[in-house]
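Basis for what follows: all heavy atoms, side chains included, without hydrogens, waters or symmetry-related copies.
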There are 2 protein chains.
Amino acid sequence: MPCRKRCGDQWWHGKIKDCGYRITAGREAIIETLSSTHDHLSAEDVYARIHDRFPNVGLTTIYRTLDMLVNAGLVFKFDFGDGKARYELTEGPKGAHHHHHLVCTGCNRVIDYTDFIDDEVELLRRTEKGLSDKYRFRIDNHLIQFYGTCTECLAK
Amino acid sequence: MPCRKRCGDQWWHGKIKDCGYRITAGREAIIETLSSTHDHLSAEDVYARIHDRFPNVGLTTIYRTLDMLVNAGLVFKFDFGDGKARYELTEGPKGAHHHHHLVCTGCNRVIDYTDFIDDEVELLRRTEKGLSDKYRFRIDNHLIQFYGTCTECLAK
DNA sequence: TCCTTAATGGGAACTATTTTCAATAATACC
DNA sequence: GGTATTATTGAAAATAGTTCCCATTAAGGA
Ligand SMILES: [Zn+2]
Ligand SMILES: [Zn+2]
Ligand SMILES: [Zn+2]
Ligand SMILES: [Zn+2]
């Protein structure tokens with residue numbers, strides 16, 4: 001039986017209120033779903049995971065909400081090349097958990113990695129500075145993905 | 001009036017023959033189109049640019065050919081978040097012209113940059129090595145994109 | 001030249017996403 | 001609390017990019 005009461009403010013309430021958005025049960029469910037996994041969920045995936053407890057949250061709302069969350073900077077939208085968009089929280093209750101991706105072109109498996117991030121971040125900072133100066137571009141975030149073949153697919 | 005004769009081998013003929021693919025007029029037109037621009041063309045864009053001279057090359061063939069070229073490693077497929085895939089040659093007659101992307105989330109403009117690539121490449125090499133050892137993943141290529149707002153959109 | 005088989009195009013099918021619109025519910029104000 | 005305002009909503013229809021199907025064509029090897 002789902003809790004429909006506002007059981008105290010959540011860590012993300014401020015962030016979306018600041019953008020002028022309202023807090024609704026659907027949004028609560030969607031963010032909760034995203035924050036309870038490390039998977040890279042599609043809109044349909046989110047729908048499937050929510051539908052049991054919130055049968056009255058439609059797919060349209062999922063799309064709209066995810067879009068809104070991307071706008072508010074709470075969610076990052078990816079494309080791994082399989083025709084559907086994937087979504088991931090940019091941060092959790094405990095703060096950001098920044099990572100990059102290793103994508104298998106054989107089976108579409110995606111590995112999050114945080115190793116080597118330190119060196120990368122250092123370089124990225126310099127690159128961002130150089131790029132934004134040269135092209136007069138305000139850089140908000142970046143996407144780094146390595147494509148290749150995973151162990152399982154190599155075995156075939 | 002289009003030249004339908006095989007006017008001598010092109011630089012890419014070997015690459016696709018080696019993969020067991022045949023040389024056809026449609027494929028010739030598609031690769032020629034990709035190599036004559038630095039734009040990031042969608043399948044429909046390619047179709048539009050070819051259709052005058054090759055009215056008998058259908059959209060299906062464009063999709064199929066682009067897919068095949070991605071397989072053969074001659075073309076890279078991107079997603080800039082506007083719902084359609086974009087294609088770019090990985091190399092030209094004179095060899096690779098590797099670059100990364102700066103994507104404006106306001107107007108979807110895309111800037112290719114090659115500045116700072118040297119530092120990046122050095123780091124990427126190390127990262128790739130580390131990642132492929134740790135995750136036993138064979139890395140074939142990478143995608144680096146910075147997202148932000150371009151000068152024009154900042155002015156608004 | 002002939003034969004095998006990959007490649008083709010046109011339309012239909014498919015799939016992810018967006019739009020529309022009347023109904024609902026979250027916030028602001030009292 | 002009660003009410004007004006206005007964002008949010010779900011369902012169905014519309015859209016758009018991409019893939020499938022299948023009878024026909026043509027590339028490349030013999
Ligand atoms: Zn794999
Ligand atoms: Zn991830
Ligand atoms: Zn812009
Ligand atoms: Zn490019």
A.B. asks: May I have the distance from A:Glu28 (atom CD) to D:dT9 (atom P), rounded to whole angstrom?
C.D. replies: 12 Å

A.B. asks: For the backbone of B:Ile139 and the side chain of B:Ser132, can you confirm whether one donor and one acceptor N or O come within less than 3.5 Å of each other?
C.D. replies: no

A.B. asks: Figure out the CD1/C1' separation between A:Ile30 and D:dG10, and round it to whole Å.
C.D. replies: 13 Å

A.B. asks: Using the closest heavy atom to pick a nucleotide of DNA chain D for each, name whichever of A:Met68 or A:Thr60 lands nearer the 5' end.
C.D. replies: A:Met68

A.B. asks: Quick one: list whatever passes side chain to side chain contact (heavy atoms under 4.5 Å, CB included) with A:Arg126, sequence neighbours left out.
C.D. replies: A:Glu122, A:Leu123, B:Asp119

A.B. asks: I need the CZ-P distance between B:Phe54 and C:dT8, as an integer number of Å.
C.D. replies: 12 Å

A.B. asks: What is the distance, to the nearest angstrom, from the NZ atom on B:Lys17 to the C1' atom on D:dG28?
C.D. replies: 9 Å

A.B. asks: Who else is in A:Leu143's hydrophobic cluster (ILVMFWY, side-chain heavy atoms under 4.5 Å, direct or via others)?
C.D. replies: A:Phe76, A:Phe78, A:Phe80, A:Val103, A:Val110, A:Tyr147, B:Phe76, B:Phe78, B:Phe80, B:Val103, B:Val110, B:Leu143, B:Tyr147

A.B. asks: Looking at DNA chain D, which of residues 72-86 of chain B put a heavy atom within less than 4.0 Å of it?
C.D. replies: B:Gly83, B:Lys84, B:Ala85

A.B. asks: Below 4.0 angstrom from OP1 or OP2 of D:dT19, is there any side-chain N or O of B:Tyr63?
C.D. replies: no

A.B. asks: Using a 4.5 Å cut-off on heavy atoms from C-beta on, say whether the side chain of B:Phe146 contacts that of B:Tyr113.
C.D. replies: yes

A.B. asks: Roughly how many Å is it from CD1 in B:Ile23 to C1' in D:dG28, rounded to a whole number?
C.D. replies: 11 Å

A.B. asks: Tell me, do A:Gln10 and A:Arg27 make a side-chain contact under 4.5 Å, heavy atoms counted?
C.D. replies: no

A.B. asks: Could you check how far CD1 of B:Ile62 sits from P of D:dT19, rounded to whole Å?
C.D. replies: 13 Å

A.B. asks: Given D:dG28, D:dA12, D:dC21, which nucleotide is nearest the side-chain atoms of B:Arg22?
C.D. replies: D:dG28

A.B. asks: Between the main-chain N or O of A:Thr33 and the side-chain N or O of A:Ser36, is there a donor-acceptor pair closer than 3.5 Å?
C.D. replies: yes

A.B. asks: In whole angstrom, give the distance that lies between atom CG of B:Asp67 and atom P of C:dA7.
C.D. replies: 13 Å

A.B. asks: Quick one: list whatever passes side chain to side chain contact (heavy atoms under 4.5 Å, CB included) with A:Ser42, sequence neighbours left out.
C.D. replies: A:Glu44, A:Asp45, A:Lys84, A:Arg86

A.B. asks: Can you work out whether A:Tyr87 or B:Thr65 has the more 5'-proximal nearest nucleotide on DNA chain C?
C.D. replies: B:Thr65

A.B. asks: Compare side-chain N and O positions of B:Thr24 against OP1 and OP2 of C:dT8 and report whether any pair is under 4.0 Å apart.
C.D. replies: yes

A.B. asks: Of A:His38, A:His40, A:His98, which meets side-chain hydrogen bond (donor to acceptor under 3.5 Å, both in side chains) against A:Asp112?
C.D. replies: A:His40

A.B. asks: Roughly how many Å is it from CD1 in A:Ile16 to C1' in D:dA7, rounded to a whole number?
C.D. replies: 12 Å

A.B. asks: So what does B:Arg64 hit on the nucleic acid, given a heavy-atom distance under 4.0 Å: a base, only sugar-phosphate, or nothing?
C.D. replies: base

A.B. asks: State which residues pass ring-ring contact (aromatic ring centres under 6.0 Å, His included) with B:His51; sequence neighbours excluded, sorted by chain then number.
C.D. replies: B:Tyr47

A.B. asks: Of all of residues 35-50 of chain B, which get a heavy atom below 4.0 angstrom from DNA chain D, listed by number?
C.D. replies: none

